[in-house]
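Side chains are part of it too, since the values below use all heavy atoms of this structure and drop only hydrogens, waters and symmetry mates. All values reported here derive from a predicted model rather than from experimental measurement.
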Amino acid sequence: MKLLSGADSVAVSPGELAGESEVWPGVADPAALLSGITDWLTGYGNHQTRRTYAEGLGLPVSADDIGAWVQPDITASDRWARAVADYAQAVIVAPAAKPARRAGPPPAGRGRLRACHWLRWCAAEGVDPTAATSAQVKKWLSDLENAGAAPSTRDRMLATVKTMYASLADAGVVAANPAALDRRRLGLTAAAASTSATVTLTTRQVAALHRAAGAPRRGASACDVARAVAVVALFTLGLRVSELCGLNEADLHVTRGRRALRVRGKGGKVRVVYLSVPAENALLEYLALRADGAGSAIVAGKRGGGAVSDRPLLVTRGGRRFARQAVWQLLRRVAASAGADLAGVAEMMHPHALRHFYVTAAVEAGASLEHVQADVGHASIDTTSGVYDHAARDPARSAVDLVADAWHPTST
């Protein structure tokens, strides 16, 4: 059997694979392992979820990389070829299907933790994943820590490996789950009690960001400026960047006498997000300006002709769907132009900061956690509570000034 390692072709059996880029060295039955992983992945209905888990384990997810596993001279009856074909079907969206949305920040180079993905780490350490022990999993976690992985990252990666092994154990591929470890004893739950690294914006800073988005700039049309204002205003509704970019024209509608958006969240769950006054005004102004140049007839939440549309709500100058990377760039540019109010946080500005702002501002204004949870699409109210609890508190809620006044009356 021939398999590729980078650009070089080597003739080895699956159980004899070698090289730091391979993920299967030492595996007694790689076809059985890959089939077991495929069965586990197909338990998730969302293709992007499957790809995220597979990539987090160190498996290839692109057609080219998966194709490099098996060469054309391998017969269709080969167990490994069949296992790879089944795996490819699980993680690659068929051409006729709707492409899976990318997740996370703008595209970047392969991460510094790539070599520490579980299956790659096993390959480098000469560990057979089907015979791994808890001691080896702990060593892997220690190597992740030494590589600079935060506790939350280690916790997430361990959770993926643990879930995979639970499925493999049920299928009889492995004898036990080596990743069934006590997270508290490993110190991985400490991150849940710490303050989030996400910047916590003040109402003044969000207002400054909104004003800066509406400021004319060289080379920008009125529609470009209106789109920037709409993006900032829509983010103040607590949307994720993927949700914002995935909005279609038909998602803008009127329900219970108020304009709202149908937002597709994680797992394909749809929720209704009502528009605030500034968000409604900004979006309608943008759509009206866009209609002059792009032929869109949305004005009152309906598209001209009454036809259901899957056209994107936010588009580029060329009429293409607004991408995540463009959103990040827009927010950073607007924040950098906002002046003194955002001078200290402009370089850290990202969509999730505005989502955090929504949660913290809503809770501090007296909204119930259940209502905020529904607004932002959290699967668990614990997540909503955690976002608020982990954010930096409002300085007005701190006793630091009172204490300073007690021992140094001129400190304020």
Side-chain angles (χ1 to χ4, degrees), residues 14 17 20-61 65-66 69 83-84 86-87 90-91 103-104 110-192 266-267:
L17 292 181
E20 63 179 22
S21 66
E22 299 293 356
V23 297
W24 301 108
V27 180
D29 191 346
L33 176 58
L34 185 59
S35 294
I37 291 175
T38 301
D39 289 343
W40 166 60
L41 291 174
T42 52
Y44 299 95
N46 187 290
H47 263 94
Q48 184 58 49
T49 300
R50 300 177 191 173
R51 291 167 61 89
T52 298
Y53 282 147
E55 191 168 26
L57 289 168
L59 294 170
V61 294
D65 289 343
I66 294 174
W69 269 2
V84 172
D86 291 342
Y87 169 78
V91 299
R110 286 177 170 174
R112 56 188 172 81
L113 298 177
R114 181 172 179 267
C116 289
H117 291 172
W118 171 244
L119 293 174
R120 293 186 180 280
W121 182 89
C122 286
E125 295 290 319
V127 174
D128 182 344
T130 62
T133 65
S134 293
Q136 290 166 331
V137 173
K138 290 177 182 178
K139 185 178 185 303
W140 167 63
L141 290 171
S142 177
D143 288 350
L144 274 172
E145 182 178 12
N146 292 336
S152 58
T153 300
R154 284 178 274 142
D155 189 27
R156 173 175 49 80
M157 295 177 77
L158 175 62
T160 299
V161 174
K162 179 180 178 180
T163 306
M164 176 193 72
Y165 274 114
S167 177
L168 294 178
D170 288 342
V173 179
V174 298
N177 188 341
L181 303 172
D182 189 321
R183 295 162 53 241
R184 186 177 300 277
R185 290 184 178 181
L186 293 171
L188 299 181
T189 57
K266 289 186 176 180

Do W40 and Y165 have a side chain donor and acceptor closer than 3.5 Å?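 Note: W40 and Y165 side chains miss the donor-acceptor criterion.
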
I would like to know whether W118 and V137 meet side-chain contact (heavy atoms from CB on, under 4.5 Å); could you show each step before the answer? CA-CA 9 Å; W118 171 244; V137 173; 3.8 Å; yes

State the [atom1]-[atom2] distance between [X] and [Y], to the nearest 0.5 angstrom.
{"X": "M164", "Y": "I37", "atom1": "CE", "atom2": "CD1", "value": "5.0 Å"}
{"X": "L144", "Y": "H117", "atom1": "CG", "atom2": "NE2", "value": "8.5 Å"}
{"X": "T153", "Y": "L113", "atom1": "OG1", "atom2": "CG", "value": "7.0 Å"}
{"X": "K138", "Y": "L141", "atom1": "NZ", "atom2": "CG", "value": "9.5 Å"}
{"X": "S142", "Y": "R154", "atom1": "OG", "atom2": "CZ", "value": "8.5 Å"}
{"X": "T130", "Y": "L168", "atom1": "OG1", "atom2": "CG", "value": "9.0 Å"}

Under the 3.5 angstrom rule, does the side chain of [X] hit a backbone N or O of [Y] as a donor-acceptor pair?
{"X": "N177", "Y": "K162", "answer": "yes"}
{"X": "R120", "Y": "A115", "answer": "no"}
{"X": "T42", "Y": "D39", "answer": "yes"}
{"X": "T160", "Y": "R156", "answer": "yes"}
{"X": "D86", "Y": "S35", "answer": "no"}

Would you indicate whether E55, at its atom CD, is surrounded by more than 12 heavy atoms from other residues, nucleotides or ligands within a distance under 6.0 Å?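 Check fails, neighbour count at 12 or below.
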
Considering non-hydrogen atoms only, spot the tightest contact between [X] and [Y] and give its length.
{"X": "P129", "Y": "V27", "value": "CD-CG2, 3.6 Å"}
{"X": "V91", "Y": "A54", "value": "CG1-CB, 4.2 Å"}
{"X": "Q136", "Y": "A131", "value": "OE1-O, 4.1 Å"}
{"X": "A83", "Y": "A31", "value": "CB-O, 3.8 Å"}
{"X": "A179", "Y": "V161", "value": "CB-CG1, 3.9 Å"}
{"X": "Y87", "Y": "P60", "value": "OH-O, 2.5 Å"}

Side chains of K139 and W121, heavy atoms from C-beta outward: is any pair under 4.5 Å?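 Touching, per the 4.5 Å side-chain cut-off.
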
Would you sort out whether C122 and D128 count as a side-chain contact (heavy atoms from CB on, under 4.5 Å), showing the intermediate values? CA-CA 7 Å; C122 286; D128 182 344; over 6 Å; no

